[in-house]
Amino acid sequence: MESKDFAERIANLILSKKGYDVHILDLRGLSSVADYFVICSADADVQVKAIADEVDDKLRDIGIKCSFKEGYNTLNWVLLDYFD
C-alpha cells in the first residue's frame, strides 16, 4: 500500500470514531523518518482510546501491526507508529 493511501485509510478510521480536526501532514522531503503524520483531536479520553483501538484493530485485521504505541496508559494523547 502506498504511504499516502495508508495515511488516508488511517484518517478515515479516525473519522469513523468521530475524531475531528484530522490533518495529514506530508513530511516527504522534510524527514527521512516518516512520509506522513496523521493527527487529530478528540473530546475525551474514552474517545482517544476508541480511536486508537479502531486504527490498531482495523489495520491488524489486514495484517499491518503497530510497531510502537505510546501514551496509551494515560490517554491524553496516543502515538501509533507504523512503518514498512
Side-chain angles (χ1 to χ4, degrees):
M1 177 181 316
E2 292 291 322
S3 57
K4 175 71 173 175
D5 295 333
F6 187 58
E8 289 173 351
R9 180 181 291 236
I10 290 170
N12 287 327
L13 290 170
I14 290 168
L15 291 169
S16 77
K17 289 298 178 182
K18 308 296 188 219
Y20 60 93
D21 288 336
V22 180
H23 297 279
I24 299 173
L25 306 177
D26 186 349
L27 302 179
R28 295 172 300 168
L30 298 174
S31 171
S32 62
V33 177
D35 289 341
Y36 294 95
F37 188 85
V38 182
I39 189 168
C40 74
S41 295
D43 289 323
D45 57 352
V46 294
Q47 187 179 16
V48 171
K49 182 181 184 318
I51 292 168
D53 287 345
E54 180 76 356
V55 170
D56 193 36
D57 291 345
K58 296 296 186 197
L59 293 179
R60 190 174 296 269
D61 287 348
I62 60 170
I64 301 171
K65 294 182 182 177
C66 182
S67 55
F68 184 74
K69 191 183 293 188
E70 182 70 35
Y72 196 80
N73 293 331
T74 60
L75 296 173
N76 291 322
W77 54 267
V78 173
L79 171 81
L80 302 175
D81 189 2
Y82 294 90
F83 63 88
D84 55 12

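Everything numeric here is computed off the predicted structure, so don't read it as measured data. In what follows, every heavy atom counts, from backbone to side chain, and hydrogens, waters and symmetry copies are set aside.
- A continuous path of Ile, Leu, Val, Met, Phe, Trp and Tyr side chains, each step under 4.5 Å between heavy atoms, connects I39 with L27, placing both in one hydrophobic cluster.
- Between L25 and Y36 the shortest side-chain heavy-atom distance does not fall below 4.5 Å.
- Summarising the geometry, atom NZ belonging to K4 is positioned 6.5 Å from atom CG belonging to D26; distances are rounded to the nearest 0.5 Å.
- Under the 4.5 Å side-chain criterion, counting only non-hydrogen atoms from C-beta, S67 is not in contact with Y82.
- Both F37 and W77 sit in one connected hydrophobic cluster of ILVMFWY residues. Membership requires side-chain heavy atoms under 4.5 Å apart, directly or through other members.
- Nearest heavy atom pair, residue V22 against residue C40, reads CG2-CB, 3.8 Å.
- The only member of I62, D56, D57, I64 that meets side chain to side chain contact (heavy atoms under 4.5 Å, CB included) when paired with R60 is D56.
- The shortest non-hydrogen separation linking L80 to V55 is CD1-CG1, 3.9 Å.
- Remark: K69 NZ to L79 CG distance equals 11.0 Å, nearest 0.5 Å.
- Between V38 and F6 the shortest side-chain heavy-atom distance does not fall below 4.5 Å.
- The shortest distance between side-chain heavy atoms of F83 and V33 does not fall below 4.5 Å.
- The two atoms that bring L13 and E54 nearest to each other are O-CG, 4.0 Å, heavy atoms only.
- A continuous path of ILVMFWY side-chain contacts below 4.5 Å connects L59 to L15, so both sit in one hydrophobic cluster.
- The local environment of NZ in K18 is sparse, with at most 12 non-hydrogen atoms from other residues, nucleotides or ligands closer than 6.0 Å.
- Of all the heavy atoms in A50 and K17, the pair that sits closest is O-CG, 3.9 Å.
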